[in-house]
Amino acid sequence: MPELPEVETVRIGLGSLLPGKIVRAVTFDWPKGFPNSKHDVSVFLIGAAVKDVRRRAKVLIIDLDNDYSLIIHLKMTGQLVFRSNDDLKRFGAGHPNDSLIGTLPDKSTRVTLDFGDSKLFFNDQRKFGWMRLVPTIEIPEIDFFKKVGPEPLAHDFTDQDFIKRLQRRPKSNIKAVLLDQTVIAGIGNIYADESLFAAKIHPLTLVKDVPMAKLKKLFQELQAVLRLSIEKGGSSDRNYVDAKGQKGSYLTFAKVFRRDGQPCLVCGTIIEKSRVVGRGTHTCPTCQPKPKGTK
DNA sequence: CACTTGACCTGTCCGC
DNA sequence: TGCGGACAGGTCAAGT
């Protein structure tokens, strides 16, 4: 589930909660998702203090004061939920506010970091997510970080940079290219659909067939939807929650995503759902006419 | 090489 | 109510 805005929301939350906390204990039994040995965890994680929480693409990086870092990918259903011991006592068996989270840990909890006065739960229903403890200095050498594209909201990332990178894949359809993390970092299914709708581009259009003006428009709209979503705490469909276990409200503002069967907010045509690159894809057939030669 | 498809998991929802 | 099948927001390996 989590794309750039959701991971960024978690980063902001953890960034205000974790720095200074010392890891006192770690509970885990998930060799595939968290392959570090008990020995390494006890030597390089227990006793270390959290220094900083960063994000690159959809990956969270928790830097420790011993030159090690935890890198975490939430994939589709991962959650990182922080609870003080007081909250655990108070809300352990209940649902604070409109949270999707009940008693913690629950059956999807894969890893628990215990800070003494509080805990951080890594939940992941589908177990696609992962977490690794690595020397901080080795992070840039990890394959994913070597290959991942630029941050779409970086201040020095321009529309010309964006267009140049998209045009490296002229014969792919534009949605596939937006979703390719090596082209641009952090875009997933929700923000691909939303930005393509805003720029009035059909997702199946080949990159080479999109006029320059529309590529520029796409860049502006992509930045706008990402920024709005971060402001709204991300999108919560079923699983996503922030560091405090709360849902985000962006989907209230989504114009096509999960709005199939409802009228387009621009022209009133019924929004359609189809499959593009194997993913559920939402379009307005009037605002985003299909490219010639597709059915 | 460029590009597309399936596999990884579990849970939920929908139709019969 | 039960059951099979499709589907879910990501990424990689394997396929064409």
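What you are looking at is a predicted structure, and each value in this text was computed from that prediction instead of being measured. By convention in this document, chain letters (A, B, ...) are assigned in the order of the sequence lines, proteins followed by strands, and residues within each chain are numbered from 1.
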(message) Tell me the interatomic distance from Leu4(A), atom CG, to dT11(C), atom P, rounded to whole angstroms.
(response) 11 Å

(message) If I take atom CG in residue Asn239(A) and atom P in nucleotide dC9(B), what distance separates them, rounded to the nearest angstrom?
(response) 17 Å

(request) Side chain of Phe144(A) only, please: which of dA8(C), dC12(C), dT4(B) is the nearest? (result) dC12(C)

(message) Among residues 126-137 of chain A, which ones have heavy-atom contacts with DNA chain C below 4.0 Å?
(response) Arg126(A), Phe128(A)

(request) Report the residue (Gln125(A) or Pro170(A)) whose heavy-atom-nearest nucleotide on DNA chain B is the more 5′ of the two. (result) Pro170(A)

(request) Using the P atoms only, state how far dA6(C) lies from dG6(B), rounded to an integer number of Å. (result) 13 Å

(message) Tell me whether the count of non-hydrogen atoms from other residues, nucleotides or ligands lying under 6.0 Å of NZ in Lys107(A) goes above 12.
(response) no

(message) Please convert DNA chain B into dot-bracket. A pair counts if it is Watson-Crick or G-U wobble with both distances under 3.5 Å; crossing pairs go in [ ] and bases paired with another strand get |.
(response) .|||||||.|||||||

(request) Figure out the CD/C1' separation between Gln167(A) and dA2(B), and round it to whole Å. (result) 17 Å

(message) Nearest to the Lys32(A) side chain among dC9(B), dT11(C), dC3(B), which nucleotide is it?
(response) dC9(B)

(message) Test question: given the 4.5 Å side-chain rule for I, L, V, M, F, W and Y, name all other residues clustered with Val266(A), or answer none.
(response) Phe197(A), Val256(A), Ile271(A)

(message) Does dG10(C) have its OP1 or OP2 closer than 4.0 Å to a side-chain nitrogen or oxygen of His73(A)?
(response) no

(request) Give the ring-plane orientation class for Trp130(A) versus His73(A), where under 30° counts as parallel, over 60° as perpendicular and anything between as tilted. (result) tilted

(request) Decide, yes or no, whether a salt bridge links Lys147(A) with Asp143(A) under the criterion of side-chain N to carboxylate O below 4.0 Å. (result) yes

(request) May I ask you to check whether Thr136(A) and Asp67(A) show a side-chain donor-acceptor distance below 3.5 Å? (result) no

(request) Would you mind reading off the distance between Arg258(A) atom CZ and dA8(C) atom P, rounded to a whole angstrom? (result) 8 Å

(message) What is the separation between atom NZ on Lys175(A) and atom C1' on dT5(B), rounded to the nearest whole Å?
(response) 16 Å

(message) Do Asn239(A) and Asn123(A) have side chains that approach each other closer than 4.5 Å (heavy atoms only, starting at C-beta)?
(response) no

(message) Below 30° counts as parallel, above 60° as perpendicular, anything between as tilted: where do the rings of Phe162(A) and Phe157(A) land?
(response) perpendicular

(message) Within 45 degrees of the ring normal and closer than 6.0 Å to the centroid, is that where the cationic atom of Lys21(A) sits relative to Phe82(A)?
(response) no

(request) Kindly say if Lys75(A) contacts the phosphate of dA7(B), meaning a side-chain N or O under 4.0 Å from OP1 or OP2. (result) no

(message) Taking dC7(C) as the reference, what is the distance to dT5(B) when you measure between their P atoms (whole Å, please)?
(response) 15 Å

(request) Mind checking Lys147(A) for me? I need base, sugar-phosphate or nothing, with any heavy atom below 4.0 Å counting as a touch. (result) nothing

(request) Determine the interatomic distance between P on dG5(C) and the same-named atom on dA7(B); round to the nearest Å. (result) 15 Å

(request) Would you mind classifying the nucleic acid contact of Arg279(A) as base, sugar-phosphate or nothing, using non-hydrogen atoms under 4.0 angstrom? (result) base

(request) Could you check which of dA8(C), dG11(B), dC3(B) has an atom nearest any side-chain atom of Arg275(A)? (result) dA8(C)

(message) Does dG10(C) have its OP1 or OP2 closer than 4.0 Å to a side-chain nitrogen or oxygen of Lys58(A)?
(response) yes

(message) Hydrophobic clusters here meaning ILVMFWY residues chained together by side-chain heavy-atom distances under 4.5 Å, can you tell me if Leu226(A) and Ile12(A) are in one?
(response) yes

(request) Run the salt-bridge test on Asp193(A) and Lys175(A) with the 4.0 Å N-O cut-off and return the result as yes or no. (result) yes

(request) Return the value, rounded to whole Å, for the distance between atom CG of Asn173(A) and atom P of dA2(B). (result) 17 Å

(message) In this structure, how many angstroms lie between the P atom of dT11(C) and the CD1 atom of Ile142(A), rounded?
(response) 15 Å

(request) Let me know the distance between CD of Gln79(A) and C1' of dA8(C), rounded to the nearest Å. (result) 14 Å

(request) For dT12(B) and dT11(C), measure between their C1' atoms and round to the nearest Å. (result) 23 Å

(request) Indicate whether any N or O donor in one side chain lies under 3.5 Å from an N or O acceptor in the other, for Thr112(A) and Thr27(A). (result) no

(request) Give Gly278(A) one of three labels, base, sugar-phosphate or nothing, depending on what nucleic acid heavy atoms sit under 4.0 Å from its own. (result) nothing

(request) Go through dT11(C), dT4(B), dG10(C) for me and flag the one nearest to the Gln181(A) side chain. (result) dT11(C)

(message) Using OP1 and OP2 only, check whether a side-chain N or O of Thr77(A) sits under 4.0 Å from dA8(C).
(response) no

